[in-house]
*Asks:* 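Provided herewith is a single structure, encoded as structure tokens, for subsequent inquiry.
Note on naming: letters A, B, ... go to the chains in the order of the sequence lines (proteins, then strands), and numbering restarts at 1 for each one.
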Amino acid sequence: MSLDQEIYRQRRQKLEQLRELGEAPYPHRFERSHALAAIVEQYGAKDAAALEQEKVRVKIAGRVLTLRPHGKAGFAHLQQDDTRLQVYIRQDAVGEHDFAIWKLLDLGDWAGVEGWLFRTRTGELTIHAEKLRLLAKACLPLPEKWHGLQDVERRYRQRYLDLIVNPESRRVFRLRDGVVRSLRAAFHERGYLEVETPMMQPLAGGAAARPFTTHHHALDLTLYLRIAPELYLKRLVVGGYERVFEINRNFRNEGISTRHNPEFTMLEFYEAGSDYRALMEWSEQLLARVAREAAGGEKLQFQGRELNFGAWRRLSLRQAVCEYWPAAAGAAPRLEELADAAAVRRYLDAYNRIAAPGERYSPIDAAQQPSPGEQIVALFEAVAGDELFEPTIIYDFPLAVSPLAKSKDDEPDWVERFEIYAGGLEIANGYSELNDPEEQARRFRLQAEGEAARVDEDYIHALAYGMPPTAGEGIGIDRLVMLLAGAVSIRDVILFPLLRPEGVEREDQE
RNA sequence: GGGGCGGUAGCUCAAUCGGUAGAGCAUUGCCCUUUUAAGGCAAGGGUUCUGGGUUCGAGUCCCAGCCGCCUCACCA
């Protein structure tokens, strides 16, 4: 018998002993007078004399995280949410019956305690117990109290254990709640309507990513999990909701990495009457606000460096290519050269001469990036993307990679689009929305050329009813939380990241 | 999918050149009425991820597989 099984057996046995004491092993309810946090907040500052005089009575519940028995007395720490509070129990105060329950307690059990507040000799706020109940037994042992749970795989697979013993994990998900809360407040204050659009779509549009496929039996219909909510949200703008936002999951059937989880949370929003310039302004304010409200300030530590959401840089995509051009690849391009296809190709070749797989600069396959626009974007991502640590807005993108964005008035091959980078992560993407149905149809057809992709005719149809000038943006919530929480992996900010299941036969062996 | 690294007691980690698999916490028993990584005495606990191979002998070396981490590729 393994130790785990042995402990399980022993602890079930203790439940039997509890029954013999006349106690229900899993009582139905236990009313509390205070949350532990409320006790610390209200009485944490009172000294021993004041507590002695008031003799505050409390009834609380928590998970037993430490046990220090001392013969006919003992101490325990109970944890509830993010708060730990000490309990002092002695046989002459609780009586033999409740003291027998105390002796049956194990680390991890849920206990209910009634008593009064005092301070110990060492000054710690403590509940002097008068009644004790077992509320739920931990039949399996918790990870070690001092080191916590270190094994990253188990932290993800058994997140509940991680949350019990690693306060840092609880901090991250509380911060995540704060981020979403702050964002919602900001959008509602700005007159936005929160909506929910389909996650199961007959056509997966709004981004260029491989979708997950599923099937509806009654309709005998192939459906796709959405890769973006964009085309539905803009239908709502056509419908007359001038400001809409959605915070929800997108699903992309692609590789997994420290920055990519197959399902991730995206905030997308659209406002009529705006253009990309207005959204750049608002985005800077919005992210600074979220940093203040959810992370305690605009200045944060990320990867050992200061990240300041109050200090923004802005440069065009073409400027970024010139500015971050690696010296080893020769003279950096001049801005005006990037208007010339042959020049762009020369710089791409110059770049590839210093690039090597696995190195800082990895090669760019020109065949996969046939147009000058795609080549410039590939160069940008290769030379600048990872370098953009300070919060930076990169604006003006090639039309070739932006089928849903409106062209610039003075440069038809470029669009009014921007991306936001921080900590080396791409966290947002926004643009002035293309609202000419014929131009949109032309771009869809261009995009679908040679591919099996179908065109979302209903979206074109919707635009034909007239969408006012509109700007829209998407912000990756997981990555934003990473920055604000100082997390190095996206899996540290997602409660249950996707892992390969253990001990399950794989379905499609290749 | 490619490359690199890792998987040892319930947890956190050791194990020298290939030579009897250990420690702390946890667990069990006894003592202990202000401790806090409580303490004291004693005890139990191992398919070293899985399967092969080399060897007198494998946690250690070799091969294959599983799972994870990092990285590259993929990724508007």
*Asks:* May I ask you to say whether A:Lys234 pairs ionically with A:Glu433, meaning some side-chain N is under 4.0 Å from a carboxylate O?
*Replies:* yes
*Asks:* Any side-chain N or O of A:Arg500 below 4.0 angstrom from OP1/OP2 of B:G68?
*Replies:* yes
*Asks:* With a 3.5 angstrom cut-off on both distances, give the Watson-Crick or G-U wobble partner of B:U12, or none if there isn't one.
*Replies:* B:A23
*Asks:* How far does the C1' atom of B:U60 sit from the matching atom of B:U55, given to the nearest Å?
*Replies:* 13 Å
*Asks:* Can you measure A:Gln91 atom CD to B:C32 atom P for me and round it to whole angstrom units?
*Replies:* 11 Å
*Asks:* Could you tell me whether A:Thr66 contacts a base, only the sugar-phosphate backbone, or nothing, with contacts defined as non-hydrogen atoms closer than 4.0 Å?
*Replies:* nothing
*Asks:* Output a table of nitrogen or oxygen pairs between the protein and nucleotides 21-25 of chain B separated by less than 3.5 Å.
*Replies:*
residue: B:G24; atom: N2; partner: A:Glu144; partner atom: OE2; Å: 3.3

*Asks:* Quick one: look up who B:G18 pairs with, Watson-Crick or G-U, both distances under 3.5 Å, and put none if it's unpaired.
*Replies:* none
*Asks:* Tell me what A:Phe397 touches on the nucleic acid: a base, only sugar-phosphate, or nothing, going by heavy atoms under 4.0 Å.
*Replies:* nothing
*Asks:* Determine: side-chain N/O of A:Ser489 to OP1/OP2 of B:C69, distance under 4.0 Å, yes or no.
*Replies:* no
*Asks:* Choose from B:G68, B:U71, B:G10 the nucleotide whose nearest atom is closest to any side-chain atom of A:Pro141.
*Replies:* B:G10
*Asks:* Does a distance-only test, which skips hydrogens and angles, find a donor-acceptor pair under 3.5 Å between the side chain of A:Asp92 and the base of B:U33?
*Replies:* yes
*Asks:* Tell me whether the side-chain N/O atoms of A:Lys14 come closer than 4.0 Å to OP1 or OP2 in B:U28.
*Replies:* yes
*Asks:* Can you tell me, in whole Å, how much space there is between the P of B:C5 and that of B:C63?
*Replies:* 12 Å
*Asks:* Taking the six-membered ring for Trp, are A:Phe389 and A:Phe302 parallel (under 30°), tilted (30 to 60°) or perpendicular (over 60°)?
*Replies:* tilted
*Asks:* Which part of the nucleic acid, if any, lies within contact of A:Gly74, taking any heavy atom under 4.0 Å across all strands shown: a base, the sugar-phosphate backbone alone, or nothing?
*Replies:* nothing
*Asks:* Given the P atoms of B:C13 and B:G19, what is the spacing between them in whole Å?
*Replies:* 24 Å
*Asks:* When you match A:Pro69 and A:Asp151 each to their closest nucleotide on RNA chain B, which lands nearer the 5' end?
*Replies:* A:Asp151
*Asks:* Using nucleotides 73-76 of chain B, report all nitrogen or oxygen pairs with the protein that are shorter than 3.5 Å.
*Replies:*
residue: B:A73; atom: OP1; partner: A:Ser362; partner atom: OG; Å: 2.5
residue: B:C74; atom: O2; partner: A:Gly255; partner atom: N; Å: 3.4
residue: B:C75; atom: O3'; partner: A:Ala208; partner atom: O; Å: 3.0
residue: B:C75; atom: O2'; partner: A:Glu254; partner atom: OE1; Å: 3.0
residue: B:C75; atom: O2; partner: A:His260; partner atom: NE2; Å: 2.8
residue: B:A76; atom: OP1; partner: A:Ala208; partner atom: O; Å: 2.5
residue: B:A76; atom: O3'; partner: A:Arg417; partner atom: NH2; Å: 2.8
residue: B:A76; atom: O3'; partner: A:Glu419; partner atom: OE2; Å: 3.4
residue: B:A76; atom: N6; partner: A:Gln447; partner atom: NE2; Å: 2.2

*Asks:* The side chain of A:Arg154 lies closest to which of these nucleotides: B:A26, B:G10, B:U12?
*Replies:* B:G10
*Asks:* Would you say A:Arg157 reaches B:G68's phosphate, i.e. side-chain N/O to OP1/OP2 under 4.0 Å?
*Replies:* yes
*Asks:* Quick one: side chains of residues 202-214 of chain A, donor-acceptor pairs under 3.5 Å with protein atoms, not counting sequence neighbours, listed by atom name and distance.
*Replies:*
none

*Asks:* Using the C1' atom on both, measure B:A15 against B:C67 and round to a whole Å.
*Replies:* 24 Å
*Asks:* Return the nucleotide paired to B:A37: Watson-Crick means purine N1 to pyrimidine N3 with N6-O4 or O6-N4, wobble means G-U with N1-O2 and O6-N3, both under 3.5 Å.
*Replies:* none
*Asks:* What protein N or O atoms touch nucleotides 48-50 of chain B N or O atoms at under 3.5 angstrom, if any, and at what distances?
*Replies:*
none

*Asks:* Do the ring centers of A:Phe118 and A:Tyr43 come within less than 6.0 Å of each other?
*Replies:* no
*Asks:* Closest-nucleotide mapping onto RNA chain B: is A:Gln10 or A:Val488 further toward the 5' terminus? I mean the 5' end.
*Replies:* A:Gln10
*Asks:* Can you check the distance between B:A58 and B:U20, where both ends of the measurement are the C1' atom (answer in whole Å)?
*Replies:* 14 Å
*Asks:* For the side chain of A:Arg11, counting heavy atoms from C-beta on, which of B:G68, B:U33, B:U27 is nearest?
*Replies:* B:U27
*Asks:* How long is the line joining CD of A:Gln150 and P of B:G10, in whole Å?
*Replies:* 18 Å
*Asks:* Suppose you measure atom C1' in B:G57 against the same atom in B:A21; what distance do you get, rounded to whole Å?
*Replies:* 15 Å
*Asks:* Any side-chain N or O of A:Arg491 below 4.0 angstrom from OP1/OP2 of B:G68?
*Replies:* no
*Asks:* Under the criterion side-chain contact (heavy atoms from CB on, under 4.5 Å), I'd like the reasoning laid out for A:Phe75 against A:Thr66: C-alpha separation, chi angles, the key distance, then a yes or no.
*Replies:* CA-CA 8 Å; A:Phe75 291 91; A:Thr66 65; over 6 Å; no
*Asks:* Once you apply a heavy-atom cut-off of 4.0 Å, does A:Leu499 come out as touching a base, just sugar-phosphate, or nothing?
*Replies:* sugar-phosphate
*Asks:* For B:U54, which nucleotide in any strand shown is its Watson-Crick or wobble partner with both distances under 3.5 Å?
*Replies:* none
*Asks:* State whether A:Trp116 and A:Lys55 meet the cation-pi test: NZ (Lys) or CZ (Arg) under 6.0 Å from the six-membered ring centroid, and within 45° of the perpendicular axis.
*Replies:* yes
*Asks:* Between B:U35 and A:Arg68, counting only base atoms on the nucleotide and side-chain atoms on the residue, is there a donor-acceptor pair under 3.5 Å?
*Replies:* yes
*Asks:* Pick one for B:C5: is it syn, with its angle within 90° of 0, or anti?
*Replies:* anti
*Asks:* Output the single nucleotide from B:C70, B:U35, B:G68 whose closest atom is nearest the side chain of A:Thr258.
*Replies:* B:C70
*Asks:* Please check if the number of heavy atoms outside A:Glu254 that lie under 6.0 Å from its CD is greater than 12.
*Replies:* yes
*Asks:* Is it the case that more than 12 heavy atoms not belonging to A:Glu52 sit under 6.0 Å from its CD atom?
*Replies:* no
*Asks:* Distance-only check: which donor-acceptor pairs under 3.5 Å involve side-chain atoms of residues 82-89 of chain A, not counting sequence neighbours?
*Replies:*
residue: A:Asp82; atom: OD1; partner: A:Arg170; partner atom: NE; Å: 2.7
residue: A:Asp82; atom: OD2; partner: A:Arg174; partner atom: NE; Å: 2.6
residue: A:Arg84; atom: NE; partner: A:Gln79; partner atom: OE1; Å: 3.0
residue: A:Gln86; atom: OE1; partner: A:Arg68; partner atom: NH2; Å: 2.7
residue: A:Gln86; atom: NE2; partner: A:Thr126; partner atom: OG1; Å: 3.0
residue: A:Tyr88; atom: OH; partner: A:Arg90; partner atom: NH1; Å: 3.4

*Asks:* Can you check the distance between B:G65 and B:U28, where both ends of the measurement are the C1' atom (answer in whole Å)?
*Replies:* 39 Å
*Asks:* Would the distance check show the side chain of A:Asp109 and the main-chain N or O of A:Ala111 forming a donor-acceptor pair, the cut-off being under 3.5 Å?
*Replies:* no
*Asks:* Give none if B:G1 has no partner; otherwise give the nucleotide forming a Watson-Crick or G-U wobble pair with it, both distances under 3.5 Å.
*Replies:* B:C72
*Asks:* Quote, to the nearest angstrom, the P distance that separates B:A26 from B:G39.
*Replies:* 8 Å
*Asks:* Under a 4.0 Å heavy-atom cut-off, which of residues 76-88 of chain A touch RNA chain B?
*Replies:* A:His77, A:Gln86, A:Tyr88
*Asks:* Using a cut-off of 4.0 Å on non-hydrogen atoms, how would the nucleic acid contact of A:Phe118 be classed: base, sugar-phosphate, or nothing?
*Replies:* base
